[in-house]
Amino acid sequence: MSDHATTAPAPHPPTAAGPPPPPPGGRPLTATLVRLKLSLLRNGLRQSSGRRAAYIASAVVSLLFAALLVLGLVALRGHPYAPTVTLVLAAALALGWAVMPLFFPSGDETLDPTRLVMLPLRPEPLVRSLLVASLVGLGPFFTLCLLTGSLVALAQGWAAAVAIPAGVLALLVCVALARAVAAANTRLLTSRKGRDLAVLSGLIIAVGAQVVNFAVQRVGSAGGLSQLDPVVAVLRWIPPVSALSSVEEAGRGQWGRALAQLVLGAAALGLLLLWWRRSLTKLMTAPDGSTLGAADGPARKSRTGRASRLTRFSYALAPSGRERERTAAVIERSLRYMWRDPKTKAAWITSLAIGLIVPVFNAVQGSGSVYLACFAAGMLGVQMYNQFGQDTSAFWMVALTISSARDAYVELRARALALLTVTLPYATLVTVLTAALLGAWTELPEALGLSYALLGAMTATGAWASARYAYSIPQEGNKNIAPGQAGLAWISVLGGMVAGAALCLPLLGLQIGLHVGGAHGWLWVMLPAGVGYGALLAYAGLRVAAPSTAGRLPEILGAVSRR
């Protein structure tokens with residue numbers, strides 16, 4: 001046996017007083033993870049001055065917003081609607097804690113527990129330590145400010161004694177909810193689908209803002225906050241709102257209900273910690289997809305079947321002739337971009353959602369018009385702009401296949417056909433749905449004709465703008481325009497939209513003439529006229545853009561490859 005073995009000190013035997021003491025210089029796990037969280041924040045700010053400025057600006061804005069909210073909540077003290085406002089706000093806050101880790105997984109590096117897999121850590125102390133470390137940051141501080149203002153607005157008399165444990169419990173439930181959701185979806189958040197979900201976060205926020213705006217308008221026009229009483233009655237018993245509701249119940253002398261709501265909040269916290277612990281155990285012991293063999297057999301056949309169906313669909317769209325194979329290949333490539341490329345998918349889904357929300361929500365409120373359905377055609381027509389930017393540096397492979405204006409025309413025509421497979425039926429659906437909600441069936445042919453004409457006009461101007469004002473779309477991050485190319489993007493989109501609207505003026509003049517002349521029986525002509533005029537505009541625009549595309553291939557390649 002070596003000298004090291006004979007002289008090594010024996011480990012301390014366990015005694016009745018408890019477990020062996022930690023090694024010299026060791027730190028408790030909670031303190032270590034808190035220091036790790038602070039180090040990650042500090043080192044992240046040291047990476048660049050831009051990131052440091054963005055963090056400071058967001059911190060200042062968050063603190064000012066929190067201060068204003070606290071002042072507003074404190075001003076509600078004693079108001080009859082104070083419980084309604086505070087409880088609904090607490091529910092929205094908890095919902096935000098639940099969904100934000102899914103949309104912004106890169107905002108906090110400690111949300112990924114797989115970084116700790118190789119360390120000898122047990123789940124119980126790890127959950128406890130991570131929970132404490134999660135209280136460090138702007139999010140928990142903002143939440144604490146809102147909860148403090150809500151508790152001040154609700155506390156009355158002896159209820160102040162319940163406010164402190166209720167506030168702590170509500171804060172812990174919010175943080176534990178976010179951590180449990182993040183741990184349960186870690187595999188998703190670190191995959192390509194998770195990155196797609198993060199890219200689509202802007203869409204969710206935009207749609208949510210429209211829904212909130214619609215709800216606020218409905219509440220304001222239907223009798224005020226009293227309309228929320230049934231909702232608040234349910235929210236009172238849903239943690240963490242139940243913790244805040246216990247303060248109000250205690251102020252009214254309902255100590256039994258207050259105790260039940262506190263117990264409900266504590267039980268929810270325990271269940272969330274248990275869920276979090278089970279997710280951590282699974283992450284640290286179960287293999288992920290990267291350690292398993294690739295799927296074969298039925299799964300591979302299924303993928304092959306999908307690919308063959310997409311190919312057959314592309315060939316069905318392509319016009320017959322000697323260029324049919326090339327046209328079908330371009331259509332298939334464009335459709336794959338729509339489905340697989342995160343930035344392209346985000347742009348499409350955003351346009352589809354906003355194009356539906358604006359006319360339909362206005363129609364539901366009774367203040368809309370069937371002509372607002374043209375907004376859907378406008379949102380979808382924007383996707384024709386910057387066609388080559390979505391190819392990024394891979395555009396050189398496309399450029400190699402373009403040697404003449406005819407080649408450029410075939411390329412642009414195939415991309416336009418791929419877009420029209422989505423835009424035409426969707427614009428038709430939105431217009432018919434808006435007309436049905438408003439009962440304006442007599443105005444449906446006019447609205448459809450204008451929508452089709454607008455689609456044709458934006459296809460024409462989009463093809464020309466793609467050749468003249470191409471710009472790069474960064475693949476990483478949330479930016480959709482490369483630095484220094486914002487001016488190109490604005491000229492391309494805004495200028496093209498104005499030009500597209502101007503091209504529709506002749507058809508709009510025909511409609512106005514029929515109305516002024518009293519020829520209402522001939523308004524159905526707007527539908528075939530819109531179809532024919534839109535098709536003519538699209539054809540002319542593609543023809544005009546083709547020579548410019550073929551002659552500017554080096555400039556386009558340089559623009560779309562920029563980083």
Side-chain angles (χ1 to χ4, degrees), residues 200 203-223 227 338 347-384 418-459 497 500-501 504-505 507-535 537-538:
L200 295 177
L203 167 66
I204 305 300
I205 294 174
V207 174
Q210 292 292 334
V211 173
V212 170
N213 180 42
F214 176 70
V216 170
Q217 292 181 8
R218 294 284 293 180
V219 169
S221 62
Q227 300 294 317
M338 295 179 195
W348 269 101
I349 296 181
T350 302
S351 297
L352 291 172
I354 302 302
L356 176 67
I357 287 174
V358 171
V360 169
F361 273 32
N362 281 277
V364 170
Q365 297 180 73
S367 60
S369 169
V370 68
Y371 300 109
L372 275 178
C374 295
F375 189 82
M379 290 294 298
L380 296 176
V382 173
Q383 303 307 314
M384 187 63 191
L419 265 66
L420 290 174
T421 59
V422 180
T423 56
L424 273 177
Y426 192 78
T428 304
L429 174 64
V430 172
T431 307
V432 172
L433 180 60
T434 305
L437 291 174
L438 294 172
W441 294 109
T442 57
E443 299 173 354
L444 179 60
E446 306 171 53
L448 281 176
L450 289 175
S451 295
Y452 295 153
L454 183 59
L455 278 177
M458 298 196 71
T459 300
M497 292 177 67
C504 293
L505 289 178
L507 191 67
L508 188 60
L510 172 63
Q511 180 188 18
I512 295 175
L514 291 175
H515 276 281
V516 173
H520 299 286
W522 288 93
L523 285 173
W524 61 269
V525 176
M526 287 292 299
L527 179 55
V531 173
Y533 187 65
L537 287 178

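Of the listed residues (Pro445, Ser451, Pro359), just one forms a side-chain contact (heavy atoms from CB on, under 4.5 Å) with Thr431, and that residue is Ser451.
Side-chain contact between Met384 and Met458 is absent, with no heavy atoms from C-beta onward closer than 4.5 Å. No side-chain heavy atom of Tyr371 sits less than 4.5 Å from a side-chain heavy atom of Thr434. In this structure, Leu356 and Leu433 have side chains that are in contact, with non-hydrogen atoms separated by less than 4.5 Å. Glu443 places none of its side-chain heavy atoms less than 4.5 Å from the side chain of Leu523. By the 4.5 Å heavy-atom criterion applied to side chains, Leu419 and Trp348 are counted as neighbours. Here the side chains of Leu444 and Val432 are in contact, with some heavy-atom distance below 4.5 Å.
In plain terms, the two heavy atoms of Leu438 and Ser369 that are nearest each other are CD1-C, 3.5 Å. Shortest non-hydrogen contact noted between Ala457 and Gly500 is CB-O, 3.4 Å. The minimum heavy-atom distance between Ala453 and Tyr533, with the atom names listed, is CB-CD2, 4.2 Å.
To the nearest 0.5 Å, atom CD of residue Glu446 and atom CG of residue Leu507 are 10.0 Å apart. Atom CG of residue Leu514 and atom CG of residue Leu510 lie 4.5 Å apart, to the nearest 0.5 angstrom. Rounded to the nearest 0.5 Å, atoms CG (Leu455) and CG (Leu450) are 11.5 Å apart. Atom-to-atom distance recorded for Tyr452:OH and Leu420:CG is 11.0 Å, nearest 0.5 angstrom. We find the CG-OG1 distance between Leu380 and Thr459 to be 10.0 Å, quoted to the nearest 0.5 Å.
For the side chain to side chain contact (heavy atoms under 4.5 Å, CB included) test, residues two or more places apart in sequence or in another chain that qualify with Ala376 are Val430.
Using modelled atom types, one finds no donor on one side chain facing an acceptor on the other under 3.5 Å when comparing Thr423 with Gln383.
Of the possible donor and acceptor atoms, one in the side chain of Tyr426 sits under 3.5 Å from a partner among the backbone N and O of Leu352.
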